[in-house]
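Read the structure below first, then the notes.
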Amino acid sequence: MAREDLDLGALNHAMSSAQISEDKEPAAPSYYSNEDDAGGVQITCFTEVVNATTFHFQIMRLPKQIYAWIGCNSAKLGHLYAAAPMRPKSTVGVTSILGGASDNTGSSIARRLVLKTGLNIILACNIPKNSPMIEADAEKLLVLKLISLGYTRPKSEGLSS
């Protein structure tokens, strides 16, 4: 394809009309409802150091789902998991998309995030295998941030609908 054939005007228009915000915390809790989200993608990135371990996080709030990445001491993608609420009652389905065949470090975090948010979760993490304290620290930091962003469901609401 020749360079002249590219429709750069359409691409520029599409990029300028995209609603993407970075590190934008909502003024009031924006708990997810069953209605379609009219807003764009919200991206939050942060780093925390706990017990000499550096955690890097990225949270992308998409309509009806959350993508979260946890990096432990490096910026590698790690294993990738998908989790979603299932019917009936408070059950969650989790599957490994990349890696993680014999390692369930991220799958348990993804499962608990679905229970806390009620949303579909895509979780990438490179937490070391057999490190339950590091996993607990990472999950605690991520959940605290999700609460501060208003992405978790109130405790009074159950998963079943």
Side-chain angles (χ1 to χ4, degrees), residues 18-87 89-100 103-129 131-161:
Q19 297 177 350
I20 299 176
S21 61
E22 190 169 330
D23 289 324
K24 181 180 176 186
E25 295 193 23
S30 60
Y31 172 67
Y32 170 76
S33 67
N34 287 334
E35 304 167 42
D36 289 337
D37 285 340
V41 176
Q42 293 180 345
I43 300 172
T44 305
C45 300
F46 65 101
T47 299
E48 295 283 338
V49 178
V50 177
N51 298 328
T53 303
T54 303
F55 294 104
H56 305 284
F57 296 90
Q58 181 179 47
I59 302 168
M60 296 174 77
R61 175 64 162 91
L62 305 161
K64 300 183 182 181
Q65 68 180 340
I66 294 174
Y67 166 82
W69 169 73
I70 304 170
C72 180
N73 292 326
S74 73
K76 293 181 181 178
L77 178 69
H79 302 303
L80 187 63
Y81 300 93
M86 308 281 293
R87 292 186 185 190
K89 301 188 181 175
S90 300
T91 60
V92 177
V94 181
T95 188
S96 173
I97 298 173
L98 279 175
D103 178 16
N104 66 354
T105 300
S107 67
S108 56
I109 294 174
R111 180 181 315 276
R112 288 187 292 269
L113 289 177
V114 168
L115 292 172
K116 290 191 181 299
T117 64
L119 300 171
N120 296 333
I121 299 290
I122 303 295
L123 177 69
C125 67
N126 71 347
I127 298 172
K129 197 174 184 178
S131 302
M133 293 306 295
I134 292 175
E135 181 180 356
D137 289 340
E139 183 176 357
K140 180 180 178 182
L141 292 169
L142 181 58
V143 169
L144 287 174
K145 188 60 149 182
L146 290 173
I147 290 169
S148 74
L149 292 170
Y151 297 163
T152 57
R153 68 173 64 237
K155 286 189 177 193
S156 62
E157 294 189 23
L159 184 62
S160 62
S161 37

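Values reported hereafter were calculated over all heavy atoms of this structure, with side chains retained and with hydrogens, waters and symmetry mates removed.
Atom CG of Leu115 sits about 12.5 Å away from atom OG1 of Thr152, to the nearest 0.5 Å. Atom OH of Tyr151 sits about 7.5 Å away from atom CD1 of Ile59, to the nearest 0.5 Å. One finds the CD1 atom of Ile70 at 5.0 Å from the CG atom of Leu123 (value rounded to the nearest 0.5 Å). Interatomic distance, Thr95 OG1 to Leu80 CG, rounded to the nearest 0.5 Å: 10.0 Å. Atom CG of Leu146 sits about 11.0 Å away from atom CG of Leu141, to the nearest 0.5 Å. Atom CD1 of residue Ile122 and atom CG of residue Leu62 lie 9.5 Å apart, to the nearest 0.5 angstrom.
Considering only heavy atoms from C-beta on, Thr53 stays 4.5 Å or farther from Asp137 through its side chain. In this structure, Val92 and Met86 have side chains that are not in contact, with every pair of non-hydrogen atoms separated by 4.5 Å or more. For the pair Asn120 and Pro85, the minimum side-chain heavy-atom distance is below 4.5 Å.
The backbone N or O of Ile43 lies less than 3.5 Å from no partner atom in the side chain of Arg61, so there is not a single donor-acceptor pair. A side-chain donor-acceptor contact under 3.5 Å links Trp69 to the backbone of Lys76.
Taking the centre and axis of the six-membered ring of Phe46, the NZ or CZ atom of Lys145 falls inside the cone set by 45° and 6.0 Å.
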Side chain to side chain contact (heavy atoms under 4.5 Å, CB included), that's the test. Do Phe55 and Ile134 meet it? Break it down for me. CA-CA 9 Å; Phe55 294 104; Ile134 292 175; 3.6 Å; yes

Would Arg153 and Thr117 satisfy side chain to side chain contact (heavy atoms under 4.5 Å, CB included), going step by step from the backbone distance to the final call? CA-CA 5 Å; Arg153 68 173 64 237; Thr117 64; over 6 Å; no

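Side-chain contact, Ser108 with Glu139: no donor N or O sits under 3.5 Å from an acceptor N or O. At a cut-off of 3.5 Å, with distance as the only test, a side-chain donor of Ser74 or Asn126 sits close to an acceptor on the other residue.
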